[in-house]
Structures are given as C-alpha cells and as structure tokens.
Amino acid sequence: MQDAVNVEDFRRLARRRLPRAVFDALEGGAGDEVSLRRNRAAFDRIEFRPRPLADVAKRDLSTTVFGERLSMPIMLAPTGASRLARSAAEIAVARAAARADVVYMQSTVAAFPLEDVAASSTGSLWYQLYLPPDRAGLGDLLRRIAAAGYRALAITIDTSILGNRERDTRNRLMSRPPRPRIVLQGAGKPAWATDFLRGKADYLRGRLGTAPPDAPSQLSLDQTRDTIMAASDCVTWEDVERVRALWTGPLIIKGLMRGDECDRLVEMGVDGVVVSNHGGRQLDGVPATIDVLPEVVDAAAGRLTVFLDGGVRRGNDAAKALALGAAGVFVGRPYLYGLAAGGEAGVVRMIELLREELDRAMALLGAATVADLDRTLVSGARVPGAPGPAGR
C-alpha cells in the first residue's frame, strides 16, 4: 500500500482485494454510466493557465469553512458502501479524516450508530441526512445528531427513488438469499471475507476502541442491502423548511445541479450547496458536476457556500474546481479504495496523496494560498454568459 502513488493505484489494490460484486457496488453508476464517465471526462477537458512568476516558495492549503479552519479543502463525502469495503467502515474513515484535519461527512447509511462514529473522532464531522419516512421523528433524530457533535447537516435531494444501478442488479447484490455470486466470489477473496465476518465480533469486543460491551453490532450483508435500498425519499421544499426550523447549525443541500434554485434556497436560510450528481449513481444522462459548478457559483453570488463532488481523482482536479469557485471538493470512491486496500491507514495515505498533488498543482500554477486559485488559472470550463472558455 505504501508503494501507491495515486488514487488509481489504490483502485487497483481495492479491485484485487474485493469480490467483483462488491467492487462493482463501489465503482458502478446508473444505467449506461454516461454521467459517471462525464464526471471524469469534464475534468480532463479543463486546462491550466499557470502564473509562473508568482512567489510560491511557501504555500498554505488551509481554508476556513463555516467558521472552522481546516488543513485543506479536500473533504470526505458520505458513502453508503463503507461496510462492504472494510468492517471498520465509518469509524476508520472518521479517524483518518481527523488525523488529516479534513471534514468527514458521514452518511445516514452507516454500519455504526452515529454516536459511536462521533465518539471515535476528534475531527470535524458533518452529517448527511436521508429524511426518515415518518417526519414526526425528525426532531428527535436531529437532536441526536447535534448532541453527538456533528457541526453541519446536509440534506440529499436527488434520491426520490434509487437509481438504476445495473451492475448491482446483475450481481444480485440487492437480492435476498441465496446470493450465489457474492458468496462464491467472497470465498475466493479470503482477506475480505475474514474481515467482513469477523467485523461484528471485533466491534463487540471493543477492538475499535469506541464500542461498549452492549453496543449494537455492525450491519450484516442483508442489513446493508436493506439500508441502501431504503436510502431514498422524495424531499420537498417544505421538508427543507422543516429541517431549517429544527437545525441551528449550517445547513447544506446536496445534489443541486442548476443555478436557478439558489435564490429560493438563500431565502429559506440554507447555508451551502453541494453540486453533485450522486457520483453518476442516480439519474444517468445529467451533466458532469464540474460543468455545472460555474453556473451555481455565479447564481449563489457569495450568498451560499458552494462545494462539488463527482469525478475528483487528483489534487489537480481539486485545484480546477477551487479555481472555478468551489469552497471545497468531496471525494467518495477514492477513500473507499483506500479503505478497501488498507483500512484506516489506506484512507490516511490516500488523503496525503491528494494533499501532495494539490500542493504541487498550486505551486506550479502560481497560487500560494487557496484564495489565489481563480478562473484566470483555467480554460475550457463552461462558464454561463461567457463568450468563450473561462479566463480567455
């Protein structure tokens, strides 16, 4: 694992360790996976325009988000497949994020109770919320989240129903037993199978350092499947208003793909948005998130903090998004590769690789600080109202 020099190396390590059905669950998108591919292709289209005469002898990657200073603007996105990658799941990710001083946004679809994840971390934790079907219990849930110490709340809005994830269908990952493919594949991946099966016992014995003897066990494969299947709900404007009235911390809308909704979100008291197409896993055929980012940034006009996820695989990708106005970028699959390959240490290593790449990109671009990254440093991006690519 220490020989890995980029996210792709971790991807290959993860593919070797995981059963095919599990790797596909981490890797795959919806339908023909057009949006999944677009997320990457759009980054490749954007070019840098360096300012090489700037003084970049010392560089500062830190940033401040919602009043909190962070070591860099690369953050860990909520993912529902952590339990499939490693039994330590969210606890390992939260610890790695704390060690790197970056944000971890925990998913509602989690192997561990939210209180245990929070107790395992000394870092900045945000919470991604799938609204409970019974809205009457929303207040109690939000009080639990706040009491555990999560600083910001993100409502995911692009999951009215589950996307058409055909790889999972072919692999029968979401089917009831028997699941011959994953059972047979798991038998051929003994390291993964041993970790998955022993995870419950390790957790109950407190080997992860946070679990009391009577703590709930991690999710089984069936429970993981059921939780993922249930992670869909039709969120309305009224729901956003309801959450805003109950949640006193920063409120983020995750899944925005158009700028013309920013005004209403500002009026409702929303603090930030994540430009996201759910990693290409929901509606296939939508644009790449980096292509939508400038539209949302311009519409937000400084009134909302704008983040991006989808397709970020390099520190260079992060630099491009930051130059186009993002306050931070979230990565999901990259840290799942690290988690699968090496557990908590794998996530830490993956974060450091992205940090090194971002630092190098900033130095070569002529940006000593994150604030120095602006649209003059990129070309080929789709900027609304511009006669040509950004910066020309």
Side-chain angles (χ1 to χ4, degrees), residues 1-29 33 36-37 39-40 74-97 99-100 102 104 107 109-111 165-168 170-171 173-174 179 181-199 218-219 221 224-225 228 278-281 309-315 317 330-357:
M1 185 183 67
Q2 291 304 316
D3 293 332
V5 299
N6 57 31
V7 168
E8 179 59 26
D9 285 347
F10 273 108
R11 178 182 176 275
R12 285 191 285 266
L13 290 171
R15 187 168 191 171
R16 265 192 305 194
R17 184 179 180 276
L18 298 176
R20 173 63 183 271
V22 173
F23 182 78
D24 279 353
L26 272 59
E27 181 84 348
E33 300 187 343
L36 180 66
R37 293 190 297 273
N39 278 348
R40 278 300 317 141
I74 298 178
M75 309 170 181
L76 305 190
T79 61
S82 299
R83 174 70 176 100
L84 296 176
R86 281 273 176 169
S87 62
E90 300 83 26
I91 285 181
V93 179
R95 285 179 168 177
R99 288 171 61 181
V102 299
Y104 172 42
S107 173
V109 182
R165 301 168 191 179
E166 294 180 352
R167 293 201 207 190
D168 292 349
R170 291 192 184 97
N171 290 324
L173 185 68
M174 298 303 168
R179 294 174 298 274
R181 288 191 181 184
I182 194 169
V183 171
L184 291 175
Q185 291 169 8
K189 302 290 184 178
W192 175 86
T194 300
D195 172 73
F196 193 91
L197 294 174
R198 287 184 177 175
Q218 299 155 287
L219 300 185
L221 185 59
T224 301
R225 177 210 58 229
I228 293 173
H278 216 102
R281 291 168 63 79
D309 73 15
V312 176
R313 298 292 182 272
R314 291 271 191 181
D317 299 332
F330 284 93
V331 296
R333 290 181 178 92
Y335 82 71
L336 289 178
Y337 300 149
L339 183 65
E344 180 181 335
V347 180
V348 170
R349 174 69 175 153
M350 186 281 307
I351 295 172
E352 291 311 307
L353 289 175
L354 292 177
R355 187 193 305 277
E356 292 168 8
E357 290 178 348

(message) Looking at Gly28, is its backbone amide N or carbonyl O close enough to the side chain of Glu33 to form a donor-acceptor pair, meaning the two atoms are under 3.5 Å apart?
(response) no
(message) Is any side-chain heavy atom of Asp195 closer than 4.5 Å to one of Arg17?
(response) yes
Which distance, rounded to the nearest 0.5 Å, do you find between the [atom1] of [X] and the [atom2] of [Y]?
X      : Y      : atom1 : atom2 : answer
Arg20  : Asn171 : CZ    : CG    : 6.5 Å
His278 : Arg165 : NE2   : CZ    : 5.0 Å
Leu26  : Tyr337 : CG    : OH    : 7.5 Å
Asp24  : Glu166 : CG    : CD    : 12.0 Å
Lys189 : Gln185 : NZ    : CD    : 9.0 Å
Leu339 : Leu84  : CG    : CG    : 10.5 Å

(request) Please determine which of Arg11, Arg167, Arg333 meets the side chain to side chain donor-acceptor pair (under 3.5 Å) test together with Glu27. (result) Arg11
(message) Do Arg16 and Phe23 form a cation-pi contact, if we require the NZ or CZ to be under 6.0 Å from the six-membered ring centre and within 45 degrees of the ring's axis?
(response) no
(request) Identify, with sequence neighbours excluded, every residue that meets salt bridge (charged side-chain N to carboxylate O under 4.0 Å, His left out) alongside Arg40. (result) Asp44, Asp317
(message) Suppose we screen for salt bridge (charged side-chain N to carboxylate O under 4.0 Å, His left out). Which residues come up paired with Arg314, at least two apart in sequence or across chains?
(response) Glu357
(request) Just do the side chain to side chain contact (heavy atoms under 4.5 Å, CB included) check on Leu76 and Val331 with the steps written out, would you? (result) CA-CA 5 Å; Leu76 305 190; Val331 296; 3.9 Å; yes
Heavy atoms only: give me the nearest [X]-[Y] pair and the separation to one decimal.
X      : Y      : answer
Ala97  : Tyr104 : CB-CB, 3.7 Å
Ile351 : Ala100 : CG2-CB, 3.6 Å
Ala85  : Leu18  : O-CD2, 4.0 Å
Ala340 : Ala14  : CB-CB, 3.8 Å
Pro334 : Val7   : CB-CG1, 3.9 Å
Leu353 : Phe10  : CD1-CE1, 3.7 Å

(request) Just do the side chain to side chain contact (heavy atoms under 4.5 Å, CB included) check on Arg349 and Asp9 with the steps written out, would you? (result) CA-CA 11 Å; Arg349 174 69 175 153; Asp9 285 347; over 6 Å; no
(message) For Val22 and Phe196: C-alpha separation, side-chain torsions, deciding distance, then whether side chain to side chain contact (heavy atoms under 4.5 Å, CB included) applies.
(response) CA-CA 12 Å; Val22 173; Phe196 193 91; over 6 Å; no
(message) One thing to verify: whether Glu352 and Arg355 come together as a salt bridge, which I'm taking to mean a side-chain N less than 4.0 angstrom from a carboxylate O.
(response) yes
(request) Quick one: list whatever passes side chain to side chain donor-acceptor pair (under 3.5 Å) with Thr79, sequence neighbours left out. (result) Ser82, Tyr335
